[in-house]
2 protein chains.
Amino acid sequence: MPPAAAEPLTPERILATTEEVLRRFGPTKATVVDVARALGVSHGSVYRHFPSKAALREAVTERWLTKSAVLLEEIASAPGGSAPSKLEAWLEALFEAKRHKAGDDPELFATYTVLLAENSGVVDEHLTELVAQLARIIAEGVAAGSLAAGDVPGAARAVFDATGRFHDPQYAADWLSPTIIPEFEAVTSLVIRGLRA
Amino acid sequence: MPPAAAEPLTPERILATTEEVLRRFGPTKATVVDVARALGVSHGSVYRHFPSKAALREAVTERWLTKSAVLLEEIASAPGGSAPSKLEAWLEALFEAKRHKAGDDPELFATYTVLLAENSGVVDEHLTELVAQLARIIAEGVAAGSLAAGDVPGAARAVFDATGRFHDPQYAADWLSPTIIPEFEAVTSLVIRGLRA
DNA sequence: CGAGTGACAGATATTGAAATCTGTCACTCG
DNA sequence: CGAGTGACAGATTTCAATATCTGTCACTCG
């Protein structure tokens, strides 16, 4: 981040710089003063755009989660393909995305894990959104006769819960295990089998 | 714990006192000196029986896990009953036991959660033992024709992983939610359905 | 002997004073 | 005006000194 630039100070620019500062200093060391310094403004200016440090960090978290949700939405709403195979693709995309984020840059992943933990409200909304995506896939399968579910939202939630080990960041350490992929496949196929008509 | 008694200083007595001290002071404050004081001996004596504080805490952890495993083993090896219903009973017993421990004495539960985290070796053995119990139930079902599984140990592991939300202490906070029981039932029935012949 | 002791060295944790950070606000200046 | 400032009070974090704990060992004493 170049020290300054006479560009207008927008929320967008502040968020991007906050991400950068979090990346460099980590979640415990990154301060509002650091963000302001990186932007070449006083920290008071940052408070013109965000009411608190917590709100700033929450906005960064939201941004990150939105990116993931959009990616998965594309799979969920893709035309064609059977519901079971779409379900499998969706679960695999979720797992692979997380696994790569955790594996490629563990420090950044740890940083975001801290932010997720302190913004459970934003995370809950994100999880609700993901379960809703799953529910749409399952509903499609029920309509097509390839899946069976009495309570579609309940089934979606159950699928999400049952695969928690492969998307909950608390298990990130396990994702490095060489047996994690067969384990993922075993759970996925068990769950899909349980949902088949 | 009465200050002293001229009883012989056995590993068993040290372990019981360590549990008591952990219960009262919590995992961060409980020291070997505290344990010795509660036993009315010098801390050097404790080191005659356990090579280190870590070993002492590990032994306490092992003791606790063994108790749980024995309880579940009774269900797994009970004669009679179909494999699917035994599987359900086993999963429910595991969940209820954990849920009650967490709900009835949250501080003690938190203490043990800390000990579990620092003794992953002991925990891994315990988990292997539990998965083996599941595998025995599933094998019984396959033999009786009520369940289907190509790879029985793999399926047991998958069942265990899929129900993680209902036994992994990291999720203990969720166990207080009023919706946790239907969620448990949804996952359990999905998994058992996936295993049915 | 051999279970138990207690003084000791090095490691770890606690504490309180100093430094830094968060959030506010009266002010500047284009 | 209204985006940006910087000095300030109170909260939080850091750091170094102090205290406590862990683990060892030469010793006691039944």
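Convention: sequence-line order gives letters A, B, ...; per-chain numbering from 1.
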Test of understanding: with ring pair (Phe, Tyr, Trp, His ring centres under 6.0 Å), list the residues that count as partners of Phe160(B), not counting sequence neighbours.
His167(B)
In 5'-to-3' order, the base (B), backbone-only (S) or no-contact (-) status of each nucleotide in nucleotides 23-30 of chain C, using a 4.0 angstrom heavy-atom cut-off, is BB-B----
Sort and list the pairs that fulfil side-chain hydrogen bond (donor to acceptor under 3.5 Å, both in side chains) and have at least one residue in residues 178-188 of chain A, not counting sequence neighbours.
Arg165(A)-Glu183(A), Ser177(A)-Thr179(A), Thr179(A)-Glu183(A)
Measuring from atom CG of Leu87(A) to atom CG of Leu91(A), what distance do you get when rounded to the nearest 0.5 angstrom?
5.0 Å
Mind checking what makes salt bridge (Lys or Arg N to Asp or Glu O under 4.0 Å) contact with Asp151(A), not counting sequence neighbours?
none
Which whole-number value in Å describes the distance from Leu56(B) CG to dC21(D) C1'?
14 Å
Looking at Ser45(A), does any N or O in its side chain come under 4.0 Å of the phosphate oxygens OP1/OP2 on dA3(D)?
no
Considering the options Asp161(B), Val191(B), Leu190(B), which one meets the side chain to side chain contact (heavy atoms under 4.5 Å, CB included) requirement together with Leu190(A)?
Val191(B)
If you look at every strand shown and take non-hydrogen atoms under 4.0 Å, does Thr31(A) touch a base, only sugar-phosphate, or nothing?
sugar-phosphate
Give every pair of a protein N or O atom and an N or O atom of nucleotides 10-19 of chain C that lie under 3.5 Å apart, one pair per line with the distance.
residue, atom, partner, partner atom, Å
dT14(C), OP1, Lys29(B), NZ, 2.7

Using the test side chain to side chain donor-acceptor pair (under 3.5 Å), find all partners of Ser85(A) that sit at least two apart in sequence or belong to another chain.
Ser82(A)
For DNA chain D, what dot-bracket results from Watson-Crick or G-U pairs at under 3.5 Å, with [ ] for crossers and | for inter-strand partners?
||||||||||||||||||||||||||||||
With DNA chain C as reference, determine whether His49(B) or Asp34(A) sits nearer its 5' end, using the nearest nucleotide of each.
His49(B)
Who passes side chain to side chain donor-acceptor pair (under 3.5 Å) against Glu125(B), sequence neighbours left out?
none
Report, one line per pair, each donor and acceptor closer than 3.5 Å where one atom sits in a side chain of residues 107-117 of chain A; sequence neighbours left out.
residue, atom, partner, partner atom, Å
Thr111(A), OG1, Glu107(A), O, 3.1
Tyr112(A), OH, Glu19(A), OE1, 3.2
Thr113(A), OG1, Phe109(A), O, 2.8

Could you list the residues that satisfy salt bridge (Lys or Arg N to Asp or Glu O under 4.0 Å) with Glu92(A), not counting sequence neighbours?
none
Send over the distance from Phe25(A) CZ to dT20(C) P, rounded to a whole Å.
15 Å
Arg57(B) CZ to dC21(D) P: how many Å, rounded?
14 Å
Run the side-chain donor-acceptor check on residues 46-54 of chain A: report pairs under 3.5 Å with partners two or more places apart or on a different chain.
residue, atom, partner, partner atom, Å
His49(A), NE2, Leu9(A), O, 3.3
Ser52(A), OG, Ala54(A), N, 3.4
Ser52(A), OG, Ala55(A), N, 3.0

On DNA chain D, does the nearest nucleotide to Ala30(B) precede the nearest nucleotide to Val46(A) from the 5' side, or the other way round? Give the residue.
Val46(A)
N/O (side chain, Ser42(A)) to phosphate O (OP1/OP2, dG4(D)) under 4.0 Å:
no
Integer-rounded Å distance: dT22(D) P and Phe50(B) CZ
15 Å
Pairwise ring-ring contact (aromatic ring centres under 6.0 Å, His included) hits with a residue in residues 120-146 of chain A, at least two apart:
none
